[in-house]
Amino acid sequence: METEIKNITAQNSKEIFCMAGELIRKGELVAFPTETVYGLGANALDGEAAAKIYAAKGRPSDNPLIAHIADMEALEPLVKQIPSKAKQLAERFWPGPLTMIFEKSELVPYGTTGGLDTVAVRMPNHPGALEFLRACHVPVAAPSANTSGRPSPTTAQHVLQDMNGKIPLILDGGKVGIGIESTIVDMTAEPPMILRPGYITKEMLEEVVGAVAVDKVVVAKSVSELGTGDYQPKAPGMKYRHYAPKAEFMMYEGSRENVIAAIRKRQQEEQAQGKKTGIICTDESKNRYQGVHVVSIGSREQEETIAANLYSVLRDFDDTDVEVILGESFYGDGLGQAIMNRLIKAAGYKLINADEKI
Ligand code: AMP
Ligand code: MG
């Protein structure tokens, strides 16, 4: 199959949206930009179309998809009920980077929800995404448009790297704004529970609906913290290795100076063994390291820039011959937590405490 890329930022993109909508209604896949990352869309009401998403991504079939809608009227048919707190959150944060989990209606096939009785729904805040969704006339199930396990795509070129020959159409809206996936909140729980951290933080949610709980998978720093017993993350996707670059990747936490010292020491050790080493650091620490592959992901003062750069920095390492990547940690409860959650998973939970090492 040939994959077409169509620019949708021009004035006269109406025909492209019409064509994309037709493809979706015919049960085909279309990749499209949102404000978080690029999505790989299919008709959410068509289990067979949703199955194509799993095939194109190589995604485990128990990892459910998020249904994307363009207006509130589209929510009602998908869910059994809309809790009042969900209405409040929708009013405040939709369209925006917030996904809410509801009890699903009969209309939503299990092929979309990974066999669950709940459905995840989001209204993206991106003009191209909204116009595309309106042209579809059906809710669009869409996970991130990457091969399962790889960093999520933040440009149409990233999508092409993973989906070339597998899908008919990529809508190119340029680089996305936020760069990490939506916050997921389970509205079937009381209090509502964050299953995946994102741009919308716990504090922002609590301002609107009062207490909000956090699933332990969100803050876990090691697989062992999750326990080996019967613990199952409520967002099934959280249990899989994600966002991973091809090189071996490990993160360092601890005081700033100890982290820098530990990374420099490890870099020397790896290089002594002939291994090409890359470093992911920040503007504040970049001049403390030496080497060709020292990449600043942004300033610690501007976590929004770090979120926006995160996945392209990880992907760009795949185009180099770097074999080992050493990364600095991020802290905090807000966006820092969402960034760190992605990095720890990208590193397969390889997190080294530099304060202990020194
Ligand atoms: P992605 O868009 O690729 O980040 O994947 C969607 C994420 O939403 C995955 O982590 C899923 O596990 C999560 N998700 C989707 N539907 C549900 C649901 N019904 N319950 C819990 N998590 C969900
Ligand atoms: Mg994903």
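Just so you know, these numbers use all the heavy atoms, side chains as well, and skip hydrogens, waters and symmetry mates. First listed ligand is number 1; within each ligand, the first listed atom is number 1.
- Remark: the backbone N or O of Ala141 is not paired with any side-chain donor or acceptor of His68 at under 3.5 angstrom.
- Between atom CD of residue Glu4 and atom CG of residue Leu160 there is a gap of 12.0 Å, rounded to the nearest 0.5 Å.
- Contacts between Leu116 and ligand 1 below 4.0 angstrom, taking non-hydrogen atoms only, involve the side chain exclusively.
- Each of the following atoms of ligand 1 lies closer than 4.0 Å to a heavy atom of Thr118: 18 (C), 19 (N), 20 (N).
- Taking backbone and side-chain atoms together, Asn146 has no N/O/S atom less than 2.8 Å away from the Mg ion (ligand 2).
- Side chain to side chain, Arg196 and Ser182 meet the donor-acceptor criterion of an N or O pair below 3.5 Å.
- Using modelled atom types, one finds no donor on one side chain facing an acceptor on the other under 3.5 Å when comparing Asn146 with Arg150.
- At a 4.0 Å cut-off, at least one heavy atom of Arg59 sits close enough to ligand 1 to count as contact.
- Taking every non-hydrogen atom of Ile184 and a distance limit under 4.0 Å, the qualifying atoms of ligand 1 come out as 7 (C), 8 (O), 13 (C).
- With a heavy-atom cut-off of 4.0 Å, Asn63 touches ligand 1 through its side chain alone.
- Within the 3.5 Å criterion, the main-chain N or O of Asn63 finds a donor-acceptor partner in the side chain of Tyr54.
- Put simply, no part of Thr113 is less than 4.0 Å from ligand 1, judged by heavy atoms.
- A donor-acceptor pair is defined here as one N or O able to donate and one able to accept, closer than 3.5 Å; such a pair exists between the side chain of Glu35 and the backbone of Asn125.
- Put simply, part of Leu65 is less than 4.0 Å from ligand 1, judged by heavy atoms.
- Heavy atoms of Lys104 found under 4.0 angstrom from ligand 1: none, in either backbone or side chain.
- Atom 20 (N) of ligand 1 has its nearest heavy-atom neighbour, among Val108, Ile66, Leu40, Ile101, in Ile101.
- For ligand 1 and Arg196, the ligand atoms under 4.0 Å from any heavy atom of the residue are 1 (P), 4 (O), 7 (C).
- Residue Glu269 places its CD atom among more than 12 non-hydrogen atoms of other residues, nucleotides or ligands, all under 6.0 Å distant.
- Aromatic rings from Phe132 and Phe32 are positioned such that their centres are separated by under 6.0 Å.
- Arg264 contributes no side-chain N or O that, together with a main-chain N or O of Tyr289, makes up a donor-acceptor pair within less than 3.5 Å.
- The shortest N or O to N or O distance between Glu181 and ligand 1 is not under 3.5 Å.
- Those atoms of ligand 1 with a heavy atom of Ser144 less than 4.0 angstrom away are 1 (P), 2 (O), 3 (O).
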